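This structure is a prediction, so every number in the text was calculated from the model and none was measured. Excluded from the calculations below are hydrogen atoms, water molecules and symmetry mates; all remaining heavy atoms, backbone and side chain alike, are included.
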Amino acid sequence: MSMKLFSDEYFMNEALKEAFLSLEKDEVPVGAVVVWNNRIIARAHNLVETLNDPTAHAEMQAFTAATNTVGSKYLDKCTLFVTLEPCIMCAGAAFWTQLGKIVYGAGDEKRGFTLVRQAVLHPHTVVQGGIMKAECSKLLKDFFAQKRV
């Protein structure tokens, strides 16, 4: 598949690469990258099982790396690309970073932040879902199908 450099699909593909790294560790395959000025400043994937830490979601790992890179707790000029819709915990962290934009692949009908009836993101955060949804969803569905065997 050919994709335009610096497009949403380009960066989501980079997040998918991170998701495959978590899959190799038998983690729920979710990956994330944080982009600032068309440059990836943070890469992360789920490490919940590896670190025995329920907060070690890909987004949380990416926020920590990105804030260390920019030297600020605010990521208002940054975009988070993540393969799965953030949960309420990660959306709350995005609020506190004043994240500029969230782009996610697969929706999360069970635990996604969009299920909450009130605004949980910073008022200036832009959200776009469904980028490479099929690829992101397939990775997760295949992972959980294998777990049920």
Side-chain angles (χ1 to χ4, degrees), residues 1-51 54-67 69-70 75-116 119-149:
M1 164 171 50
S2 175
M3 57 186 73
K4 186 177 168 191
L5 190 61
F6 306 134
S7 66
D8 287 349
E9 290 79 11
Y10 172 83
F11 290 118
M12 186 60 72
N13 191 59
E14 293 300 307
L16 267 168
K17 290 177 184 177
E18 289 295 317
F20 278 103
L21 292 176
S22 58
L23 183 64
E24 289 174 9
K25 297 175 183 174
D26 201 31
E27 297 272 358
V28 175
V30 177
V33 297
V34 176
V35 175
W36 181 39
N37 290 332
N38 283 330
R39 192 176 117 230
I40 296 173
I41 62 168
R43 295 175 174 272
H45 52 273
N46 268 357
L47 292 171
V48 172
E49 302 302 327
T50 302
L51 299 177
T55 68
H57 291 194
E59 301 95 323
M60 303 296 275
Q61 303 298 309
F63 292 152
T64 299
T67 56
T69 299
V70 299
L75 300 174
D76 55 312
K77 306 253 188 295
C78 297
T79 300
L80 170 72
F81 289 86
V82 61
T83 58
L84 179 64
E85 176 187 345
C87 70
I88 192 72
M89 174 185 68
C90 294
F95 172 89
W96 292 111
T97 68
Q98 298 182 15
L99 191 66
K101 185 175 182 180
I102 296 174
V103 178
Y104 66 87
D108 187 344
E109 299 86 23
K110 293 182 181 178
R111 292 184 179 80
F113 78 92
T114 57
L115 296 172
V116 178
V120 293
L121 296 174
H122 191 273
H124 295 118
T125 301
V126 175
V127 177
Q128 181 178 358
I131 300 297
M132 296 181 67
K133 179 181 179 177
E135 296 89 338
C136 295
S137 295
K138 181 176 178 354
L139 182 59
L140 287 159
K141 286 177 184 173
D142 290 352
F143 173 78
F144 287 112
Q146 182 191 23
K147 290 291 181 188
R148 288 186 208 103
V149 174

Do the side chains of Tyr104 and Val127 get nearer than 4.5 Å, heavy atoms only? yes
Side chains of Val30 and Val82: does their closest heavy-atom pair fall under 4.5 Å? yes
Roughly how far, to the nearest 0.5 Å, is the OG atom of Ser22 from the CZ atom of Phe143? 8.0 Å
Shortest non-hydrogen contact from Cys87 to Phe113? O-CB, 4.0 Å
Looking at every non-hydrogen atom in both residues, tell me the closest pair between Leu115 and Asp108 and how far apart they are. CD1-O, 4.0 Å
side-chain contact (heavy atoms from CB on, under 4.5 Å) between Ile41 and Val35, worked out: CA-CA 6 Å; Ile41 62 168; Val35 175; over 6 Å; no
Any luck finding a side-chain donor-acceptor pair between Thr114 and Glu85 under 3.5 Å? yes
Give, for atom CD of Glu14 and atom CD1 of Ile40, the distance between the pair rounded to the nearest 0.5 Å. 4.5 Å
Would you compute the distance between atom CE of Met89 and atom CZ of Arg111 and round it to the nearest 0.5 angstrom? 12.0 Å
Could you pull out the closest heavy-atom pair between Pro86 and Glu59, with the gap in Å? CA-OE2, 3.3 Å
Answer whether the closest heavy-atom distance between the side chains of Leu84 and Cys136 falls below 4.5 Å. no
Polar side-chain atom of Thr97 near backbone of Leu75 as donor-acceptor pair, under 3.5 Å: no
Look at the rings of Phe6 and Tyr10 and say which category their plane angle falls in: under 30° parallel, 30 to 60° tilted, over 60° perpendicular. perpendicular
Could you tell me whether Asp26 and Lys147 make a salt bridge, using a distance below 4.0 angstrom between a side-chain N and a carboxylate O? yes
Would you kindly say whether His45 and Lys17 are connected by a side-chain donor-acceptor distance under 3.5 Å? no
For Ala62 and Ala32, work out which heavy atoms get closest and say how close. CB-CB, 4.2 Å
Contact summary for Leu121 and Ala94, nearest pair of heavy atoms: CD2-CB, 4.0 Å
Between Phe11 and Ile131, is the side-chain contact (heavy atoms from CB on, under 4.5 Å) condition met? List the steps. CA-CA 10 Å; Phe11 290 118; Ile131 300 297; over 6 Å; no
List the steps, then state whether side-chain contact (heavy atoms from CB on, under 4.5 Å) holds for Phe81 with Asp8. CA-CA 8 Å; Phe81 289 86; Asp8 287 349; 3.6 Å; yes
Hey, could you give me the CD/CG distance between Gln146 and Leu23, rounded to the nearest 0.5 Å? 7.5 Å
Atom pair CD1/SG of Ile102 and Cys90 - distance to nearest 0.5 Å: 9.0 Å
Look at the side chain of Thr83 and the backbone N and O of Ala15, then say whether any donor-acceptor pair between them is shorter than 3.5 Å. no
Smallest heavy-atom separation, Ser137 atom then Ala106 atom, equals OG-CB, 3.3 Å
Applying side-chain contact (heavy atoms from CB on, under 4.5 Å), run through Val48 and Val28 and close with a yes or a no. CA-CA 8 Å; Val48 172; Val28 175; over 6 Å; no
From OG (Ser7) to CE (Met12), nearest 0.5 Å: 10.5 Å
So do the side chains of Lys4 and Glu9 get within less than 4.5 Å of each other, counting heavy atoms only? no
The side-chain contact (heavy atoms from CB on, under 4.5 Å) partner of Asn46 among Glu27, Met60, Gln61 is Glu27
